[in-house]
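One structure is given below, encoded as structure tokens.
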Amino acid sequence: MILKNKLILIDGNNVAFRAFFALPLLNTDKGIYTNAIYGFATMLMKILETEKPTHVLVAFDAGKKTFRHETYTEYKGGRQKTPPELSEQFPLILELLTKFGIKHYQVENYEADDIIGTLAEKAGQESWDVKVVTGDKDFLQLANDQVEIALIRKGISDVENYKPADVQERYGIDPGRIIDLKGLMGDSSDNIPGVPGVGEKTAIKLLKQFGTIEGVYESIDDVSGKKLKEKLIDHHEQALMSKKLATIDRKAPVTLSLEDCQYTFEVTSELIHLFKELEFQSLLDRIGAEETIDQNAQDEVFDFQTLSEITEDHLESPSSLIVEVTDSNYHYGDIHGIGLSNKTGSYFIPIKTALSSEVFRAWLEDEKAEKVVFDGKEATVALSWREVHLKGIMFDIQLASYLIDPSETNDDLAAISKRNNLSYVYSDEAFYGKGAKHRIPEDEELGGHLARKAGACLELLPLLQKKLDENQQTSLFNELELPLSLVLAEMERMGVKTSQETLEQMGEELTRKLTEIEHDIYEMVGTTFNLNSPKQLGEILFEKLQLPVIKKTKTGYSTSADVLEKLAPQHEMIPKLLDYRQLGKLKSTYIEGLLKVIHPKTGRIHTRYNQTLTQTGRLSSIDPNLQNIPIRLEEGRKIRKAFLPSKEDWVIFSADYSQIELRVLAHIAQDEQLIKAFENGMDIHTKTAMDVFGVKEEDVTSVMRRHAKAVNFGIVYGISDYGLSQSLGITRKEAGQFIEAYLDSFPGVKKYMEDVVKKAKEDGFVTTLLQRRRYLPDIKSRNFNRRSFAERTAMNTPIQGTAADIIKQAMVQMSERLVEEKLTTNMLLQVHDELIFEVPENEIDTLKRIVPDVMENAVKLDVPLKVEYAYGPTWYDAK
DNA sequence: GGGGAAGCTA
DNA sequence: ACGTAGCTTCCCCT
């Protein structure tokens with residue numbers, strides 16, 4: 001069988017522009033912008049994978065002037081200049097194509113359109129399959145039985161394929177009439193005038209009636225509508241010229257033959273090299289290039305010694321210390337070796353040697369022996385499970401790196417090293433392999449890796465110290481984050497006692513209810529299907545039952561709770577479905593999920609806090625996430641009954657900041673109104689309602705208060721009229737008026753919002769009260785969505801981040817205070833604005849005094865902080 | 001194994 | 001086409 005040739009023609013300029021504007025302004029360590037290149041490569045790979053072409057060509061526009069300018073000097077006039085951040089990416093896009101083995105081509109005086117038109121025609125005549133990839137609708141004129149147009153819709157990888165029938169379906173005209181359509185309606189992006197006042201709808205109507213522009217003018221008397229007729233007559237010439245401009249030349253002087261475009265799929269080492277240079281890790285994964293150990297790293301000789309006996313001489317201060325854990329969850333993993341580095345050298349210590357050495361154990365526990373670590377919390381917890389109490393951590397590379405720039409990859413020592421021009425460390429992923437390929441090598445090989453890691457930490461110490469200092473983050477590091485990491489280590493190691501029986505009982509009840517609901521639904525609908533599949537559910541609701549489609553997702557119908565609520569009156573199964581969703585969530589995530597992570601030896605759940613992840617400075621919690629245990633609905637809230645104190649007659653004691661974010665806002669914005677309201681102990685939502693709606697306190701209705709509350713949330717999140725309208729179910733205009741009224745009532749807030757965005761534009765970053773930092777490169781983006789998001793982030797991050805600073809400070813002080821007061825109380829959990837303790841009965845009164853004291857005075861603000869507390873036999877009762 | 005939808009928290 | 005910050009589960013495709 002002879003395989004049919006398949007030619008892909010790509011509109012290079014168009015794809016590059018789209019990629020550039022669709023993606024954030026990515027750049028490599030060396031400061032090369034890569035977003036357009038990345039987007040181009042992503043699109044290319046997708047096309048090559050799905051289409052498997054035999055021939056490929058990427059066509060580019062040549063120069064500024066084309067033959068179309070002879071027809072109309074204003075052609076493509078008024079276009080914004082190509083941003084330099086994009087133009088500098090073009091040479092690399094060409095290099096990328098070369099390394100893919102793909103031909104690129106341009107012709108003086110002609111546009112990419114004409115090259116593509118000419119070659120598409122040629123290939124079509126030879127009965128090849130042709131596909132044109134572009135974002136420009138003009139190309140639809142080329143569609144025919146051989147030529148299909150792939151229109152990029154939004155983003156970079158979302159395409160819509162047009163065969164002639166699809167053009168007919170979408171526009172109601174044949175592909176050949178697209179030029180008439182453009183001739184009538186014009187095209188603002190190419191500055192093609194068309195006929196003023198004629199848009200897509202009118203143009204299509206005319207073409208359906210008369211066929212072509214020429215047809216329209218031949219029968220101009222039959223055109224209905226006096227105004228329209230006049231406009232057409234007045235702009236006769238212009239319409240014909242516009243049509244000419246929109247016509248793709250299929251006879252352009254293309255010297256390239258079809259065979260010149262031959263393409264064979266091949267992953268070359270050159271391509272891999274380029275991807276590495278451009279830091280396209282995800283694309284490397286996609287072409288199946290196993291992350292190999294960096295050539296540079298491998299080449300660099302690294303001297304180290306494997307110790308079979310440890311003496312004091314090996315333990316200089318400071319030393320970097322790597323405690324390597326086998327499992328990603330350090331509560332469960334084994335330690336498989338120790339790396340050590342100081343001015344006497346770098347060492348690998350096999351784990352047996354380490355744990356059996358009295359000298360080494362004593363050194364680990366010696367507060368005065370200074371250690372530099374990478375993730376001290378991990379090392380502390382892992383050793384603590386083995387009854388070794390690590391002391392003397394003076395610096396944590398991971399934490400420091402996170403404070404310097406939270407947006408960078410901070411969980412990979414190799415990446416941090418690279419950013420600081422150290423190249424001999426292997427990344428853990430490359431060294432151990434990932435997924436099914438994960439393996440832990442024998443000591444001989446392992447030793448080098450750990451010694452290199454230790455060596456890098458020691459070298460990074462002064463570099464990161466200097467950066468912290470330049471950022472004025474030294475005290476944030478020393479006084480807050482480093483001590484906090486040790487507090488968190490204790491909390492994680494302690495864990496929280498969880499009743500398996502309680503969870504199991506709740507699980508059984510949920511299973512019963514779920515089975516019943518499931519059957520009811522099947523009966524009502526008359527068929528069985530997977531209730532958990534949004535796809536199957538969508539088909540049932542919107543096709544079988546013909547319910548109205550309220551919202552769509554990228555992949556199909558939306559079946560989210562807000563959609564279902566709107567549909568509830570239309571079908572009796574919907575409320576059942578909502579119940580099913582709610583209970584199903586409880587069962588799978590919370591009952592089964594939590595049962596899986598109760599530690600078999602301690603009977604407790606040991607979460608891990610990620611201290612180096614969030615962009616705002618908050619903690620996050622994983623495996624399990626104990627920061628999203630249900631509370632809003634009673635059924636879910638009952639899950640909290642499973643969380644208990646360790647011992648009899650102890651209680652769970654919970655304390656939370658009241659309105660911390662609005663208080664922080666009042667302080668940062670120095671808004672007199674808001675500060676006064678908090679000083680007077682007012683209900684802040686009521687106060688907001690009074691000001692926004694201009695009523696007296698006693699006249700604030702519950703609806704007004706609810707709206708005011710939503711406005712307050714909106715303010716904290718970086719408000720938009722759209723967002724507020726969504727959350728309140730009001731129009732965008734009304735939401736806009738609420739916001740305006742709010743900002744008039746709180747002028748300090750208004751000024752803050754303006755100033756913080758301005759400052760972010762100047763500095764490129766925003767900061768919190770304690771000098772935490774977040775960079776916002778998108779704040780200068782030309783893409784409205786990206787820029788708006790960055791602006792909201794600029795408003796929100798100092799607020800959310802300062803609140804995080806405050807509770808972190810409180811945790812450090814609370815931990816010290818518990819020691820000072822010789823209490824046996826344990827701090828167990830942190831949930832962003834809330835601390836949870838387990839407390840023996842005889843310490844409750846003390847805690848009632850010191851917890852609010854510490855939390856309210858952790859940081860001095862110009863507004864009072866307020867803490868509320870509660871306690872009871874389970875977490876559920878601490879309300 | 002990964003991406004998307006959905007839903008839980010502050 | 002869109003309120004801030006997260007994590008886990010499920011489906012479904014590769």
Side-chain angles (χ1 to χ4, degrees), chain A residues 49-50 154 157 282 285-286 288 406 434-437 529-538 551-564 578 581-594 596-597 607-610 613-633 635-637 639-640 656-657 659-661 710-728 732 735 739 774 783-801 803-804 807 829-834:
Chain A
E49 278 162 17
T50 55
K154 53 185 170 186
S157 50
S282 64
D285 294 347
R286 221 164 106 186
K434 63 171 176 180
K437 296 197 184 88
F529 61 101
N530 186 345
L531 278 167
N532 288 317
S533 162
K535 189 165 164 247
Q536 294 181 34
L537 178 59
K551 199 163 80 180
K552 286 201 138 198
T553 65
K554 272 183 238 173
T555 49
Y557 311 110
S558 169
T559 68
S560 63
D562 57 322
V563 168
L564 295 181
L578 285 164
R581 281 259 178 91
Q582 192 203 335
L583 301 182
K585 176 81 178 175
L586 290 180
K587 181 160 182 265
S588 70
T589 305
Y590 295 103
I591 301 291
E592 287 165 358
L594 291 174
K596 267 185 255 177
V597 292
T607 187
R608 283 172 297 145
Y609 291 101
N610 198 332
L613 183 136
T614 72
Q615 301 303 300
T616 55
R618 277 187 175 182
L619 300 174
S620 77
S621 155
I622 55 167
D623 211 8
N625 180 356
L626 291 184
Q627 290 180 320
N628 72 345
I629 303 301
I631 189 163
R632 290 190 185 162
L633 301 172
E635 293 96 319
R637 190 174 201 157
I639 300 281
R640 296 179 172 228
D656 69 296
Y657 283 108
Q659 306 294 352
I660 188 165
E661 292 190 332
V711 172
N712 279 329
F713 269 98
I715 290 292
V716 169
Y717 292 155
I719 198 133
S720 78
D721 49 7
Y722 177 86
L724 183 64
S725 72
Q726 285 298 295
S727 76
L728 283 176
R732 207 166 156 157
I739 294 166
R774 180 178 191 178
N783 176 313
F784 174 81
N785 285 326
R786 308 205 83 85
R787 189 176 62 249
S788 304
F789 187 80
E791 286 169 359
R792 289 196 295 275
T793 314
M795 299 186 241
N796 169 265
T797 297
I799 302 171
Q800 197 186 110
I807 193 163
L829 299 171
Q830 188 251 43
V831 191
H832 308 305
D833 66 355
E834 178 184 9

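Chain letters run A, B, ... following the sequence lines, proteins first and then strands; every chain starts at 1.
Note: OH (A:Y717) to C1' (C:dT4) measures 6 Å, nearest angstrom. Whole-Å rounding puts the A:L829 CG to B:dT9 C1' distance at 13 Å.
Comparing B:dG7 with C:dA1, their P atoms sit 23 Å apart, to the nearest whole Å. Spacing between B:dG3 and C:dG3 at atom C1', rounded to whole Å, works out to 24 Å.
A:T559 comes within 4.0 angstrom of sugar-phosphate atoms only, judged by non-hydrogen atoms across all strands, and of no base. Using a 4.0 Å heavy-atom cutoff across all strands shown, A:I629 reaches sugar-phosphate atoms only and no base atom. If you check every strand for non-hydrogen atoms under 4.0 Å, A:F789 touches sugar and phosphate atoms only.
With sequence neighbours excluded, the residues forming a salt bridge (charged side-chain N to carboxylate O under 4.0 Å, His left out) with A:K551 are A:D562, listed by chain and number. Scored by the side chain to side chain contact (heavy atoms under 4.5 Å, CB included) test, A:T555 finds A:T553 as partners (sequence neighbours excluded).
Residue A:N785 places at least one side-chain N or O closer than 4.0 Å to OP1 or OP2 of C:dA1. In terms of phosphate contacts, A:R786 brings no side-chain nitrogen or oxygen within less than 4.0 Å of OP1 or OP2 of C:dC2. In this model, the phosphate group of C:dA1 is not approached by any side-chain N or O of A:R732 to a distance below 4.0 Å at OP1 or OP2. One finds a side-chain N or O of A:R792 lying less than 4.0 angstrom from the OP1 or OP2 phosphate oxygen of C:dT4.
In this structure the side chain of A:R640 reaches within 4.5 angstrom of the side chain of A:I631, judged on heavy atoms.
Distance from the side chain of A:T553 is smallest to B:dA5 among B:dG7, C:dC2, B:dA5.
The heavy-atom pair separating A:L619 from A:H832 by the smallest distance is O-CE1, 3.5 Å.
Between the side chain of A:S720 and the base of C:dG3, no donor-acceptor pair under 3.5 Å is found. Looking at A:R581, its side chain has no donor and acceptor atom pair within 3.5 Å of the base of B:dA6.
Under a 3.5 Å cut-off, the side chain of A:S621 and the backbone N or O of A:P624 do form a donor-acceptor pair.
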| query | Can you give one letter per nucleotide of nucleotides 7-14 of chain C, 5' to 3': B if a protein heavy atom sits under 4.0 Å from the base, S if only from the sugar-phosphate, - if neither? | reply | BBSSSSS-
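Atom CD1 in A:I799 sits 8.5 Å away from atom CD1 in A:I715 (nearest 0.5 Å).
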| message | Checking A:L724 against A:Y717 for the side chain to side chain contact (heavy atoms under 4.5 Å, CB included) test, could you report, in this order, the C-alpha distance in whole Å, the side-chain angles of both residues, the deciding distance, and whether it holds? | response | CA-CA 10 Å; A:L724 183 64; A:Y717 292 155; over 6 Å; no
